[in-house]
Peer 1: 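Sending over a structure as structure tokens; questions will come in a sec.
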Amino acid sequence: MKPVVVRFAPSPTGYLHIGGARTAIFNWLFARQNEEKFILRIEDTDAERSTEDAIEGILRGLEWLGLDWDEGPDFQSRHVKAHRAAAEQLLESGHAYKCFCTKEELDRKREAARKEKKTYQYDGACRNLTPEEVKKREAAGEPYIIRLKVPRRPDAVVFEDKVFGIIEKRYEDIEDFVLVRANGQPLYVLANAVDDIRDGVTHIIRGQDGLANTPKQILIYQSLDAPLPVFAHMSLTLDPQKAKISKRRHGEQVAIHYYREHGLLPWAMVNFLTLLGWATTDSKEIFNPQELVQAFHLQGISRANSVFNIQPNDPKFFTDPKLININAHYLRNMPVEELFPFVKQQLFSAGMWDTLFESEKKEWFLKTVALIRERFHVLSDFTTLGAAYFSDAFPMDETAVRKNLFGKDAAPAWLGDLADQIDTLTPFDAKSVEALLREFLKANNLKPGKLINAVRTAVTGQSKGPEFIEVLLCIGPERISRRLRRAAVFQD
Ligand code: GLU
């Protein structure tokens, strides 16, 4: 069997976006499944629109998602000579010709077609110039472009797209399209095909917008005597209103970095994006990397457009709730050692990182992460809902404070007494803490719920959290008593 070679070929005109990432993911999965080559090629021939920042952003986005490539990044602009050489080869083999029609002539013909309400197509005026005439006009310095000599046949270019099925484009509907501009610049359809041929790409998995180029590219392949790759075009991603996901409509939320900045785990993102337009027969939704690589197949790519609830109406969600749920699944279930670098980065960015968390306090840190993540959805929850575990400057949830520390007959004058008792408690362990609290409830005639809520709020800033005693053990006696005293003063 022929080795599989796939590529991701972004044009660096903006950051890595949802659609590009999904294309990259499908190519990567396909390559990894076949244990074959995944090439990264930056299609930067549009010098005016390509930027260094965009290249940087694309590379960083792919790295963050964990989509490693085997070759590249290659740059299309490095191969301009090869693109021109291919055009020369096509001229020599008679598959292409030089066209001397001026812009004015072509505009005039286009305008005439418009008036007659006909679709304009180049009429092939230069298709059959004699070699002598070509030579003469060239020698006279007339500028020319190079066009492909599309076979004039009554049938159609036919190919089977792995997603869209049999596609036909009648030859008569394909004009003799341009391969090289008058200034010598090769056109994108040519450059893209020539690069894929050189790199031995066997499967072209790309967005649906590439479909318009495919018949032309097939003609280029055939004219260059190159074997055809398999094509698989991916349908669009829409928002719930059925509008195409776009920067104009959805702003930063189309950018992969938005999700990174909002505390999503890269694999959760890969898992979610794969489900946009791809499904297994058993509708399974959570796939670890090995499972996904194994399960992926081109036949599972859906022809129907997929829907990403990119901007849910409910302000509780900063993105599709399904994505948040998938993220929560990984956040809560992945080995805590694997989660460690992500939590570290999150704390670091929030100024809450302490190097002791990866030296003397590492065991404590991992235990704490394992304890508190149970209710978390995104990494930023560690620095908001979980801030009290890592820093003394943690936010107090206002509703919780009002309800549990200030509410009617809530004023816990006893907070200071409890702090005193905790100060002298030895040893400080589950058993002793439980016994102390039981005694304390009795002596102060308090209901357990009241004490738990008040202490939890004073100590963590939140009214909810993991098991109460576990929380206390995790925060430790010094911080507990300090915070209880602070809350007691706070009362006055
Ligand atoms: N550079 C093209 C794009 O970013 C890719 C086309 C292709 O994959 O063939 O849309």
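Computed from heavy atoms alone, side chains included, the values below leave out hydrogens, waters and symmetry copies. Ligands are counted one by one from 1 in listed order, and the atoms in each one are counted from 1 as well.
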Peer 1: For ligand 1, is G210 a contact, meaning one of its heavy atoms is under 4.0 Å away?
Peer 2: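 It does not, in that no heavy atom of G210 comes within the 4.0 Å cut-off of ligand 1.
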Peer 1: Within the 4.5 Å heavy-atom criterion, are V163 and H233 side-chain neighbours or not?
Peer 2: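 Contact flag for V163/H233 side chains = no.
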Peer 1: Please determine if A9 has a nitrogen or oxygen closer than 3.5 Å to a nitrogen or oxygen of ligand 1.
Peer 2: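 The answer is yes, given that A9 and ligand 1 share an N or O pair closer than 3.5 Å.
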Peer 1: Tell me, which protein residue and heavy-atom name are nearest atom 3 (C) of ligand 1, and how many Å apart are they?
Peer 2: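 Of every protein heavy atom, S11 OG, 3.6 Å lies nearest to atom 3 (C) of ligand 1.
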Peer 1: With nothing but distance in play, are any N or O atoms of D209 less than 3.5 Å from an N or O of ligand 1?
Peer 2: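 Not met; the criterion fails.
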Peer 1: Just jot down the ligand 1 atoms closer than 4.0 angstrom to any heavy atom of R7, in number order.
Peer 2: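 Near R7, the atoms of ligand 1 are 7 (C), 8 (O), 9 (O).
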Peer 1: Any cation-pi pair here, K169 with Y171, using under 6.0 Å and within 45°?
Peer 2: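 Negative - K169 is either too far from the ring of Y171 or too far off its axis.
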Peer 1: Could you check whether R147 makes a cation-pi contact with Y122, meaning its NZ or CZ is under 6.0 Å from the centre of the six-membered ring and within 45° of the ring axis?
Peer 2: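 Yes, R147 lies over the aromatic ring of Y122.
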Peer 1: Looking at ligand 1, does F8 have a heavy atom less than 4.0 Å from it?
Peer 2: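 False for this residue.
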Peer 1: Quick check on contacts: which atoms of ligand 1 are under 4.0 angstrom from a heavy atom of R206?
Peer 2: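 With R206 as reference, the close atoms of ligand 1 come out as 7 (C), 8 (O), 9 (O).
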Peer 1: For ligand 1, which atoms, with element, lie under 4.0 Å from some heavy atom of N192?
Peer 2: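 Going through ligand 1 atom by atom, the ones under 4.0 Å from N192 are 7 (C), 9 (O).
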Peer 1: Does any donor atom in the side chain of D176 or Y97 lie under 3.5 Å from an acceptor atom in the other side chain?
Peer 2: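 Yes - a donor-acceptor pair under 3.5 Å links their side chains.
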Peer 1: Considering only residues two or more places apart or on different chains, which pairs with a residue in residues 285-312 satisfy side chain to side chain donor-acceptor pair (under 3.5 Å)?
Peer 2: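 Those involving residues 285-312 are E285-K322.
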Peer 1: Give me the residue, atom name and distance of the protein heavy atom closest to atom 6 (C) of ligand 1.
Peer 2: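 Nearest protein contact, heavy atoms only, for atom 6 (C) of ligand 1 is Y188 OH, 2.9 Å.
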Peer 1: Verify whether one side chain among Q89 and S93 offers a donor that lies under 3.5 Å from an acceptor in the other.
Peer 2: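 Checked: Q89/S93 side chains show no N/O donor-acceptor pair below 3.5 Å.
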Peer 1: Side chain to side chain donor-acceptor pair (under 3.5 Å), that's the test. Do E105 and T102 meet it? Break it down for me.
Peer 2: CA-CA 5 Å; E105 269 173 88; T102 60; 3.2 Å; yes
